[in-house]
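See structure below.
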There are 2 protein chains.
Amino acid sequence: MSDHEQRHTPTPPGHSGDALPPVEQHAQQYEAVRNAHETELIEDYVELIGDLIRHRGEARAADIANRMAVSQATVSKMIRRLNELGLVTSKPYRSLFLTEEGQKMAQTSRARHDVVLHFLRALGVDDSTARIDAEGMEHHVSDETLTIMQRFTEQQRTP
Amino acid sequence: MSDHEQRHTPTPPGHSGDALPPVEQHAQQYEAVRNAHETELIEDYVELIGDLIRHRGEARAADIANRMAVSQATVSKMIRRLNELGLVTSKPYRSLFLTEEGQKMAQTSRARHDVVLHFLRALGVDDSTARIDAEGMEHHVSDETLTIMQRFTEQQRTP
DNA sequence: GATAATTGTTAGCCAAGGCTAAACTGTTTG
DNA sequence: CAAACAGTTTAGCCTTGGCTAACAATTATC
């Protein structure tokens, strides 16, 4: 653990832009992003499976592959993982179901996604752009920010 | 390419929540996220190196490792990659420099980051939360949304 | 009901991005 | 100036999440 940096001025004076955050805080930012990345894909799969079930009555691997633009082999492998994690149940060659826990995750993830999407639209972002941005952003928005976004959206709706 | 889904109602009627987007659009969302992920880390490194140079006069591997909360070995490996990509120049055991291209990327990335961070603060998000969220969000915000965020922030500043 | 088409699985490959341990270089200091 | 220390690199390992190709099962069609 080098504190080499700390020998110098902690908050340099006349630079353009913001100062660097303290090391611990800075590190925490990057760690948060890495953590988000670990769960992100899992959540996306679970969310999509939930959506497919809701809207189509069932979730099949081929549909997931199409919608994710990914090979069926990739989906198959991922489903095995979701199984091990206790998020879905599946019998070979049959369509998928979410466990209790999976349903909870799908629901949370869905809600999160919707808040971000509606927020972006309320901000004035074009629908198809909002969809793309929301998909990427949803896993990186804290609960605090999410609440604020929701409040903002509601205010826009009833001016 | 299965169109199995399309046999059914394309926009189902009375469900709660939004309908599923058409397959092509949906796929595009996920592809965008995967693409962002590929460049994300690279941009983070380059941005951080730029920041270290600006604020401290030099960027050393140990500082990067500390700030990213990652081992030095990981940094070392990454620097080799950045080198191959023509983004940084480095002599063994010496501190790092950004190439022209690297500087351009650092600058763009920095600007993006700042817009998102200032936007979140203008929205009313607490500073340390805003920093964490901004770090994750910055790579998933389209230019369109970025512009809107910037406009919003300026409006808040001068009410 | 046999065969064709679709869907699902398995095996084996690859790159990215982490890690630890060990070797090496450069700098500081007794 | 030699030894100790701090910083850097290399080697080798692991997991994820992609892919293709080959095979297996289910479903559709004649």
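Labels below follow one simple rule: chain letters A, B, ... track the order of the sequence lines, proteins then strands, and each chain is numbered from 1.
To the nearest angstrom, C1' of C/dC19 lies 13 Å from CD of A/Glu38. If you measure from atom CG of A/Asn83 to atom P of C/dG8, you get 15 Å, rounded to the nearest angstrom. Note: CG (A/Asp63) to C1' (C/dG8) measures 13 Å, nearest angstrom. Atom CD in B/Glu84 sits about 12 Å away from atom P in C/dA15, given to the nearest Å. Summarising the geometry, the separation between CG on A/Leu96 and P on C/dG8 is reported as 8 Å, rounded to the nearest angstrom. For the pair B/Glu40 CD and D/dG17 P, the computed distance is 14 Å after rounding to whole Å. Protein atom CZ of B/Arg34 is 18 Å distant from nucleotide atom P of D/dT16, rounded to whole Å. The distance between atom CD1 of A/Ile64 and atom C1' of D/dG18, rounded to the nearest whole Å, is 16 Å.
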Nucleotide N/O to protein N/O under 3.5 Å, stretch nucleotides 9-15 of chain D:
from, atom 1, to, atom 2, distance (Å)
D/dT9, OP2, B/Ser76, OG, 3.3

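Within the 4.0 angstrom heavy-atom criterion, only backbone atoms of the sugar-phosphate kind lie near B/Val70; the bases stay farther away.
Aromatic rings from B/His139 and B/His113 are positioned such that their centres are separated by 6.0 Å or more.
B/Thr39 is linked by a side chain to side chain donor-acceptor pair (under 3.5 Å) to nothing, counting only residues two or more places apart in sequence or in another chain.
Annotation for B/Tyr93: hydrophobic cluster partners, listed by chain and number, are none (ILVMFWY side-chain heavy atoms under 4.5 Å, direct or chained). Using a 4.5 Å cut-off between side-chain heavy atoms of Ile, Leu, Val, Met, Phe, Trp and Tyr, B/Ile148 falls into a hydrophobic cluster with A/Val115, A/Val116, A/Phe119, A/Leu120, A/Leu123, A/Val125, A/Met137, A/Val141, A/Leu146, A/Ile148, A/Met149, A/Phe152, B/Val115, B/Val116, B/Phe119, B/Leu120, B/Leu123, B/Val125, B/Met137, B/Val141, B/Leu146, B/Met149, B/Phe152.
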Donor-acceptor contacts under 3.5 Å from residues 80-88 of chain B side chains, at least two apart:
from, atom 1, to, atom 2, distance (Å)
B/Asn83, ND2, B/Ser90, OG, 2.7

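Partner B/Ser142 forms a side chain to side chain donor-acceptor pair (under 3.5 Å) with one of A/Asp126, A/Asp133, A/Thr129 and no other, that one being A/Asp133.
In terms of phosphate contacts, A/Thr74 brings no side-chain nitrogen or oxygen within less than 4.0 Å of OP1 or OP2 of D/dG18. Checking the phosphate oxygens (OP1, OP2) of D/dT8, a side-chain nitrogen or oxygen of B/Arg60 falls inside 4.0 Å.
Screening residues 59-85 of chain A for ring pair (Phe, Tyr, Trp, His ring centres under 6.0 Å) gives no qualifying pairs among residues at least two apart or on separate chains.
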